[in-house]
Each structure stands twice: as C-alpha cells, then as structure tokens.
Amino acid sequence: MKRVTVKVQVKNPQELEQRMKDISLEFEPVLYQHDRVYVQRGYKRGMNMPRFIMRTEMTAVDKPAVYKLILKRHIEDSGIEITDRSVIRDYTEIVNMLQQLGFVLASEVSRRRKRIKLSETSRIYYDTVDGLSTPYLKIETSLDEDDKVSDVMADLKRTLKLFHLADGNISQEPYFEILQKNATINNK
C-alpha cells in the first residue's frame, strides 16, 4: 500500500487537544506499541531501502497482545512510503527468518498511540514516544492510483493548519531515526 505521511512535534499538547475538541474529533483508546526495527546491513535513509518492524500491540494488560510484521520502504524522491503489514502468530520464527535474510536489529521504539479514523484512507495518530520529550502528531493517507502526491501532501498540510501546527517542522523520519539523533546529541 502506498502512503503519504506528515509528522510534527506537538509543542503544546493541551492546545492541540482543545482544538480537536473544538472540531469534534475524539481519539480512540490508547494503544501500547513496542516496535523492533530491523534493517539491512548498511542501511541508509534516502537509499530507498526496506525495513521491517516487528510490532507488539496491546490495548490493555488483561487482553492478549497482537503481533504484526510491517514492511516499510520510503521512496525518497517521491514522498511515498510503501507499507505492507500482516498479523503473525510466531514472533520468534519471523525474527529468525529476518535474521537469516540478513536484517539486523537497529532500534526499539515504545509508544502510547491514540488514533482517529478520518476516512477509509486517512488516520491521525498522536504518539507519545519513550525517549522523546514532546509528543508527535502524525497524519497518514493511503494513495489511490489517480492521486497526485503533491495534492495529497497539500491536503495534509492544510489539516495541520487546522490544529495550528506549523508545517515548517514536518518530519518524514521514522521514530527510530529521531531517537538515534537525540541519543547522539545527548551523548555529546
């Protein structure tokens, strides 16, 4: 599935929550997610290289976890991210398969995610990521064959403006890369 995503830091979470209430948007209950990100040896952003995510997802401690294998590949020059996902039963076996294919564990990301379904193709996510000082708002839209990426990106930016979030701080970096940058900065 082809997607376009925008992600911004939320400097004032209370203001964002109020703006969402003002336009009658309400988040679903919190999802707890833990991702293990696997990349090919020599992985570099901007090289259109795939990465796999082994996701553990929980809605409550008294309910069973759901395990997913997610393939992501950001096509740098187009602004498109290719995403495929599948629920899995045997987490350990899939990890062994990824390692046999030469993928290595690059990072782990834990977050609390709230989401809103805007339409069949669009979602808003509000993510509080362990290790990051501010939450992020992420808007994701699946592309149809006829969609132009520039038009979809413009729509997503207009949506950000509804929430008074500046489009100057848009990031398309995955959380594991943001966390790695922060760790490098904090270790200096």
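Because only heavy atoms are used, hydrogens play no part in the values below, and waters and symmetry mates are left out as well, while side chains stay in.
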J.: Starting from Tyr125, can I reach Ile70 by hopping between I/L/V/M/F/W/Y residues whose side chains sit under 4.5 Å apart?
T.: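 Unlinked, Ile70 and Tyr125 end up in two clusters.
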J.: With side chains defined as the heavy atoms from C-beta onward, is the minimum distance between Arg73 and Glu81 less than 4.5 Å?
T.: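 Contact flag for Arg73/Glu81 side chains = no.
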J.: Between atom NZ of Lys21 and atom CG of Leu16, what is the distance when rounded to the nearest 0.5 Å?
T.: 11.0 Å
J.: If every non-hydrogen atom of Arg51 is compared with every non-hydrogen atom of Val39, which pair is closest and at what distance?
T.: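 Reported closest heavy-atom pair: CB-CG1, 3.8 Å.
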J.: Which donor-acceptor pairs under 3.5 Å do side chains of residues 56-66 form with protein atoms, sequence neighbours excluded?
T.:
unit_1	atom_1	unit_2	atom_2	d
Glu57	OE1	Lys68	NZ	3.1
Glu57	OE2	Gln33	NE2	2.6

J.: Could you state the interatomic distance from OH (Tyr175) to CG (Asp130), rounded to the nearest 0.5 Å?
T.: 12.0 Å
J.: Is NZ or CZ of Arg112 both nearer than 6.0 Å to the six-membered ring centre of Tyr32 and within 45° of the ring axis?
T.: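 Relative to the ring axis of Tyr32, which defines the angle, Arg112 lies outside at least one limit.
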J.: Are any of the side-chain heavy atoms of Pro50 and Gln40 separated by less than 4.5 Å?
T.: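 A side-chain contact exists here, since the closest heavy-atom pair is under 4.5 Å.
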J.: Over all heavy atoms of both residues, which pair between Thr128 and Pro135 is shortest? Give the atoms and the distance, please.
T.: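 Answer, listing the atom of Thr128 first, then Pro135: OG1-CB, 4.1 Å.
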J.: Quick check on the hydrophobic clustering: are Ile80 and Val6 connected, directly or via other members, by side-chain heavy-atom contacts under 4.5 Å?
T.: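 As far as the 4.5 Å side-chain criterion goes, Val6 and Ile80 are connected within one cluster.
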J.: With hydrophobic residues grouped by side-chain heavy-atom distances under 4.5 Å, do Ile124 and Leu31 end up in a single group?
T.: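 Result: no, two separate clusters.
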J.: Who passes salt bridge (Lys or Arg N to Asp or Glu O under 4.0 Å) against Glu17, sequence neighbours left out?
T.: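 Expected list: none.
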J.: Work out which heavy atom in His34 is nearest to a heavy atom in Ser110; give both atom names and the distance.
T.: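 So the minimum-distance heavy-atom pair works out to ND1-OG, 2.6 Å.
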J.: Check Leu165 against Gln9 and note the closest heavy-atom contact, atom names and distance.
T.: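 Between these two residues, the closest heavy atoms are CD2-O, 4.2 Å.
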J.: Nearest 0.5 Å, what's the CE-CG distance between Met153 and Asp155?
T.: 11.0 Å
J.: Taking the side chain as every heavy atom from C-beta outward, state whether Val10 and Asn12 have any pair of such atoms under 4.5 Å apart.
T.: no
J.: Mind checking side chain to side chain contact (heavy atoms under 4.5 Å, CB included) for Glu173 and listing every partner two or more places apart, or none if nothing turns up?
T.: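 Glu173 satisfies side chain to side chain contact (heavy atoms under 4.5 Å, CB included) with Arg45, Ser171, Glu177, Ile178, Lys181 once adjacent residues are dropped.
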J.: Distance from Leu162 atom CG to Met20 atom CE, nearest 0.5 Å?
T.: 9.5 Å
J.: Which distance, rounded to the nearest 0.5 Å, do you find between the CZ of Arg19 and the CG of Leu25?
T.: 13.0 Å
J.: With rounding to the nearest 0.5 Å, note down the distance linking CZ in Arg123 to CD in Glu28.
T.: 8.0 Å
J.: Report yes or no: do Val30 and Tyr136 belong to one cluster of Ile/Leu/Val/Met/Phe/Trp/Tyr joined by side chain heavy-atom distances under 4.5 Å?
T.: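 No; Tyr136 is not reachable from Val30 via cluster members.
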J.: Could you list the cluster mates of Tyr91? Members are the ILVMFWY residues connected by side-chain heavy atoms closer than 4.5 Å, either directly or through other members.
T.: Tyr38, Phe52, Met54, Tyr67, Leu69, Leu71, Ile88, Ile94, Val95, Met97, Leu98, Leu101, Phe103, Leu105
J.: Checking Lys72 against Val37 for the side chain to side chain contact (heavy atoms under 4.5 Å, CB included) test, could you report, in this order, the C-alpha distance in whole Å, the side-chain angles of both residues, the deciding distance, and whether it holds?
T.: CA-CA 10 Å; Lys72 290 197 175 206; Val37 182; over 6 Å; no
J.: List the residues meeting ring pair (Phe, Tyr, Trp, His ring centres under 6.0 Å) with Tyr126, not counting sequence neighbours, and say none if there are none.
T.: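 Ring pair (Phe, Tyr, Trp, His ring centres under 6.0 Å) list for Tyr126, sorted by chain: Phe27.
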J.: Charged N to carboxylate O under 4.0 angstrom, Asp35 versus Arg111?
T.: yes
J.: Of the non-hydrogen atoms in Ala106 and Phe176, which two are nearest, and what is the gap between them?
T.: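 For Ala106 versus Phe176, the nearest heavy atoms are CB-CE1, 4.3 Å.
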J.: Evaluate the side-chain proximity of His74 to Ile82: yes if any heavy-atom separation is below 4.5 Å, no if none is.
T.: no
J.: When you check the side-chain N and O atoms of Asp22 and Gln18, is any donor under 3.5 Å from an acceptor?
T.: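 Gln18 and Asp22 do have a side-chain donor-acceptor pair below 3.5 Å.
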J.: Which pairs of donor and acceptor atoms, one on a side chain in residues 137-151, lie under 3.5 Å apart (sequence neighbours left out)?
T.:
unit_1	atom_1	unit_2	atom_2	d
Glu140	OE1	Arg3	NH1	3.4
Thr141	OG1	Ser122	OG	3.0
Asp147	OD2	Asp144	N	2.8

